[in-house]
Number of protein chains: 2
Amino acid sequence: MAKGKLSTPPGHVNLRMLAEHLELSQTTVSLVLNNSPSAKSIPQETRDRVVEAANRLNYRPNYFARSLRQSRSMSVGVLAPDLSEGYFTRVMSGVVQELTGAHYFYFTACHDWKKDLIEKYPRMLVERAVDGFLLLNTPSDNIDVPVPVVAISAHSASENVTNIVLDHHQAVQQALTHLYSLGHRRIAFMRGPRAIPDSEFRWEAIQQVAQEINLKLDPALSIRIDSAGWSMKDGYHPMAPEIGYKPMQALLEKTRDFTAIFCFNDIAAVGAIRALRDSGLSVPGDISVVGFDDILSAAYYTPSLTTVRQPLMEMGKRGAQVLLERIANREAPLPPEIIMAPELVIRESTGPAPQ
Amino acid sequence: MAKGKLSTPPGHVNLRMLAEHLELSQTTVSLVLNNSPSAKSIPQETRDRVVEAANRLNYRPNYFARSLRQSRSMSVGVLAPDLSEGYFTRVMSGVVQELTGAHYFYFTACHDWKKDLIEKYPRMLVERAVDGFLLLNTPSDNIDVPVPVVAISAHSASENVTNIVLDHHQAVQQALTHLYSLGHRRIAFMRGPRAIPDSEFRWEAIQQVAQEINLKLDPALSIRIDSAGWSMKDGYHPMAPEIGYKPMQALLEKTRDFTAIFCFNDIAAVGAIRALRDSGLSVPGDISVVGFDDILSAAYYTPSLTTVRQPLMEMGKRGAQVLLERIANREAPLPPEIIMAPELVIRESTGPAPQ
DNA sequence: CCCTTTATATAAAACGTGTTACAACTCCAA
DNA sequence: TTGGAGTTGTAACACGTTTTATATAAAGGG
């Protein structure tokens, strides 16, 4: 017990103390602990001594000193609209797998679709010296940061941004041919909010596929989530089915001449179903409803949701992989856009079109 | 344009360059920019020159150097089981408000209820030099870190942890008197998973309140989320109503002699309702269901959920406030436990007990 | 015997701040 | 003249790493 200084718990032991204790120089200790290539010449015996002492004294290199020297933080910034379960959570489950495997942590910044925050957060995180950015579902055409950027579902046109996107054409094809084969011809569409990048690409795919399968698009049957007396500015709660309830209600007040509706996401679909039910219509008896995303509770609603599943976890994983590669090798050529495949999940909310 | 060095974009301008440009010492510049008390003697004219140049040259103090010197990171670690919308997202909306106001960012670490991660993450984040910890819904009795800790819904017994908890007695009282006044006498309970701290406290409150209102608790009507052929180890998806579906199913196979069930959370309630429906029972016609949390979609289910609302955002806000105070003043006395009030929200899933 | 190589290790610089102690200069009264 | 007090600043260190360049002794080659 009488080990002198060592028996008293060292507030924190740093490299200098460790070196003094070992009667070696800081250089030697540092080289050994970092497995530096120039440490090859150090004999095994010395290395063992160093490692053993580091463990015994519970040496932890100071994060700031190390980062200052190496100018990298081992952390990335994640920019997202919100912390929704429908999107954020599932993408992040993939992201986290990759990041922790590489000893990376992440800062989250939610911009809530506010323009100033979308511009401010990247700057603030650059000041925090993040090594890279992950953009989730966030418009990013003029992002200008000195580190690699990977965008998921952002369709960024920026020069140095790697895009990870869903194959919207395939997604829409699956949904519409499903409805078409059930006999639906008058199909309504609930488009996504203008702010969300996917909205535009989804809609373009809808127009294209409609033409391909010879389906007529009636402008009167096209509604938007961010209209009908509600907009993103009123405070967008990604998990509030209200976003689908109100537009659906508005459409029903104008016309009931349709037999199906394709919603921008599952939450909106839930709201839409509630609105239909409140109007005395049955789903799928009178109206079939298709959602998007396949959130975890989609199978448990009444009726359970037919929906297009996005491989969000895989998209997150892939995005993080690419980002880490680009961080590790800053000079590597920019990988091209990465396109992921959707999957239609058929449940109770769709059925044959009524006569 | 021919300004010499200044016309070429400075890769990054640091204090030395700024000082050279101003023909002042780094000390002076630093003192001015930090509004240091010992800068009182510096004349206003000089200060203005410094500030103006700093803005013009877009000077940003190096985060690592500054943190190394001041040994604080302006970031906190958030430890949570997962990124669920029911809990995490809502608490964090309050937390973020406070943190960003104080120029703090946060690292998120999800332990997925794995013992090793619950122990490892605090250590890893301490190495990252976080200035404090926020524990969400996470058992933390033996957390040992050199920085302040605030626990939300964790009921920690640790000496240096500030607890923020819901008033479970009041919550249970509201729910049970509601059911009781509707005529329910045989009430089933779906208890939370053993791993979640609230589970135990909720159950204790249930036993106490039952006694107070003279309600008999039948052990045969008490089921747990983490039993009935399903456990946390199978992979806990906080938004998967499956967690409520299976236990409900198991109970129904044994008995139907009850008229109401009080579920641990809304997600479980959704699963339970689905199981009841799949067994040919109607909600609330045959069975009334009460949830907990009041998640955003609770009002949009069919039937919409009667539930006990937790003021999660407020709890997050309060927790972050306390944490920031404790960080700013490390010697201040530990504030006592903070108790928040719940609110019963009555919707469609509860009704009069059948005869 | 001299010169090079190898093995083992180290001193010192660098990263960019914040801060402590002190220097020069002026003014003013004793 | 001198000493004290204010004014306006600066030199130098500390924070804890990583890395570059270098030192010393022993071994080996001619």
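As a basis for the values below, the full set of heavy atoms in this structure was taken, side chains included, without hydrogen atoms, waters or symmetry mates. In what follows, chains are A, B, ... by sequence order, proteins preceding strands, each numbered from 1. Owing to the predicted nature of the structure, the values given are computational and were not obtained by experimental measurement.
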Phosphate oxygens OP1/OP2 of C/dT17: is one of them under 4.0 Å from a side-chain N or O of B/R16?
no

So what does A/R60 touch, heavy atoms closer than 4.0 Å: a base, only the sugar-phosphate, or nothing?
sugar-phosphate

Measure the acute angle between the ring planes of B/F107 and A/F107, then classify it against the limits of 30° and 60° as parallel, tilted or perpendicular.
parallel

B/L22 CG - D/dT10 P separation (whole Å)
10 Å

If you measure only the distance, is there a donor-acceptor pair under 3.5 Å linking the side chains of B/N34 and B/S36?
no

Length of the line joining B/L15:CG and C/dC15:C1', which is rounded to integer Å
13 Å

Tell me which of B/S36 and B/N62 sits closer to the 5' end of DNA chain C, going by the nucleotide each one is nearest to.
B/N62

Interface polar pairs with nucleotides 9-13 of chain C, N/O, under 3.5 angstrom:
residue: C/dA9; atom: OP2; partner: A/T46; partner atom: OG1; Å: 3.1
residue: C/dT10; atom: OP2; partner: A/S25; partner atom: N; Å: 2.7
residue: C/dT10; atom: OP2; partner: A/S25; partner atom: OG; Å: 3.1
residue: C/dT10; atom: OP2; partner: A/T28; partner atom: OG1; Å: 3.0
residue: C/dA11; atom: N6; partner: A/T27; partner atom: OG1; Å: 2.8

Over how many whole Å does the gap from A/N34 atom CG to D/dT17 atom C1' extend?
9 Å

Would one find a side-chain N or O of B/R66 under 4.0 angstrom from OP1 or OP2 of C/dG16?
no

What does B/Y63 touch in the nucleic acid at a heavy-atom separation under 4.0 angstrom: a base, only the sugar-phosphate, or nothing?
nothing

Looking only at side chains, do B/Y104 and B/D131 share a donor and an acceptor under 3.5 Å apart?
yes

Of the candidate nucleotides C/dG16, D/dT18, C/dG18, which contains the atom at the shortest distance from the side chain of B/S30?
C/dG18

Any heavy-atom pair between the side chains of B/T108 and B/L79 that's under 4.5 Å?
no

List the steps, then state whether side-chain hydrogen bond (donor to acceptor under 3.5 Å, both in side chains) holds for A/N160 with A/R326.
CA-CA 11 Å; A/N160 60 343; A/R326 288 189 57 197; 6.0 Å; no

Charged N to carboxylate O under 4.0 angstrom, A/R16 versus A/E20?
yes

What integer distance in Å separates B/E20:CD from C/dG16:P?
12 Å

